[in-house]
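The block underneath contains the structure these notes are about, expressed in structure tokens.
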Number of protein chains: 2
Amino acid sequence: MAERTGTDVRRSTRQRTLVRDLVGELDSLRSAQEIHALLRERGESVGLSTVYRALQALAEDDEVDVVRNEQGEVLYRQCSVKHHHHLVCRSCGRAVELVGPTVERWADQAASEHGFSDVTHTVELFGLCPRCAGGD
Amino acid sequence: MAERTGTDVRRSTRQRTLVRDLVGELDSLRSAQEIHALLRERGESVGLSTVYRALQALAEDDEVDVVRNEQGEVLYRQCSVKHHHHLVCRSCGRAVELVGPTVERWADQAASEHGFSDVTHTVELFGLCPRCAGGD
DNA sequence: ATTCTTGCAAACTATTTGCAGAACA
DNA sequence: TGTTCTGCAAATAGTTTGCAAGAAT
């Protein structure tokens with residue numbers, strides 16, 4: 001959890017840029033491994049651990065959001081709004097962002113009702129998107 | 001995903017009973033490793049993989065529910081109602097069951113709004129329970 | 001007797017880390 | 001030039017699996 005200070009600055013490198021750009025052009029949640037594989041397919045030479053580190057850095061800087069899928073893998077996706085949830089296609093990985101306040105309100109209420117503090121929530125929906133459901 | 005048939009029946013064994021009973025007396029979400037450790041502390045001799053297998057069997061039979069914590073570990077807890085969510089204390093592991101329909105409705109609506117089918121949801125709240133927040 | 005279960009060790013998956021050499025500011 | 005970053009190999013953590021021996025029906 002070490003916060004970064006002003007003295008150790010995030011350097012801009014080829015690998016970091018590749019990862020950021022790739023995540024930027026995808027609209028689905030992907031694992032570090034998938035992102036690494038995609039880069040390799042494009043002929044880019046990047047190490048797997050570098051991809052992990054790059055994604056962690058992006059998450060730390062709040063440039064991507066982080067989700068865990070049903071198998072426990074960590075998935076990343078560029079984020080636009082600060083806090084929201086995803087409706088993820090379990091077949092193609094495409095994700096729709098859900099921004100409504102419904103869940104937040106529900107979570108806050110449940111927390112205060114039971115006297116819990118410092119509450120975070122994990123909310124993700126997994127299903128089949130219309131495209132994948134059709135061509136099954 | 002192999003369904004069990006009528007010919008291979010679930011046998012009742014010492015180990016299976018130990019795990020089921022322990023889960024029954026706990027009111028908090030625990031990992032397989034924790035359950036294994038608790039049994040060992042009580043002087044029971046059970047293998048770790050047996051605990052994993054026993055918990056999986058219980059989950060398959062819908063006797064416990066399964067949740068993944070923020071670190072990606074799988075947690076188990078005896079379940080009373082069919083579908084619900086948890087407000088879990090990240091310090092002591094105690095869990096409150098939340099049964100309201102709010103989230104289900106929201107999930108269903110979001111799914112149909114975007115044409116997704118066969119949608120499941122993952123909803124968990126993690127926080128500090130009053131007891132742990134007090135004695136910090 | 002037959003079939004299911006156990007427990008160990010080894011395998012596996014996703015992820016993290018140490019470290020020497022390479023790259024950025 | 002000095003610090004940060006990279007990539008490999010090795011380490012970790014949680015979980016799963018093969019298999020021979022043991023227990024339940």
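Here is how names work: the chains are called A, B, and so on, in the same order as the sequence lines, proteins then strands, and each is numbered from 1. We use all heavy atoms of the structure for the numbers below, so side chains are in, but hydrogens, waters and symmetry mates are not.
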>> Donor-acceptor pair, distance only, cut-off 3.5 Å: does the side chain of A:R40 make one with the backbone of A:S45?
In response: no

> In whole angstroms, how far is the P atom of C:dG21 from the CD atom of A:Q15?
Replying inline: 18 Å

>> Within the 3.5 Å criterion, strictly below it, is a donor on A:E104 or A:H85 matched to an acceptor on the partner's side chain?
In response: yes

>> From NE2 of A:H36 over to C1' of C:dA14, roughly how many Å is that when rounded to an integer?
In response: 14 Å

> Is a side-chain donor or acceptor of B:R68 paired with a backbone partner of B:G72 at a separation under 3.5 angstrom?
Replying inline: yes

>> Looking at A:E63, is its backbone amide N or carbonyl O close enough to the side chain of A:D61 to form a donor-acceptor pair, meaning the two atoms are under 3.5 Å apart?
In response: no

>> For nucleotides 10-19 of chain D, give me one character per nucleotide, 5' to 3': B if any protein heavy atom sits under 4.0 Å from the base, S if the only such contacts are to the sugar-phosphate, - if neither.
In response: ----SBBBB-

> How many Å lie between CG on A:N69 and C1' on C:dT13, as a whole number?
Replying inline: 12 Å

> So, A:E34 side chain and A:S31 main chain: donor-acceptor pair closer than 3.5 Å or not?
Replying inline: yes

>> Categorize B:T50 for me: base, sugar-phosphate, or nothing, with a 4.0 angstrom heavy-atom threshold over every strand shown.
In response: base

>> Without decimals, in angstroms, what is the distance between B:E44 CD and C:dT6 C1'?
In response: 15 Å

> Between A:L55 (CG) and C:dA14 (P), how many Å, whole number?
Replying inline: 15 Å

> Would one find a side-chain N or O of B:T13 under 4.0 angstrom from OP1 or OP2 of C:dC4?
Replying inline: no

>> Whole angstroms only, please: what is the CD-P distance between A:Q71 and C:dT15?
In response: 12 Å

>> If we ignore hydrogens and angles and just use 3.5 Å, is the side chain of A:R77 paired with the main-chain N or O of A:A95 as donor and acceptor?
In response: yes

> Taking N and O atoms by type only, does the side chain of A:R11 place a donor or acceptor under 3.5 Å from a partner on the base of D:dT3?
Replying inline: yes

> Is it true that atom CZ of A:R105 has more than 12 heavy atoms of other residues, nucleotides or ligands lying nearer than 6.0 Å?
Replying inline: no

>> What is the distance, to the nearest angstrom, from the CZ atom on A:R14 to the P atom on C:dA23?
In response: 9 Å

> Once you round it to whole Å, what is the distance between P of C:dA23 and CG of A:L18?
Replying inline: 15 Å

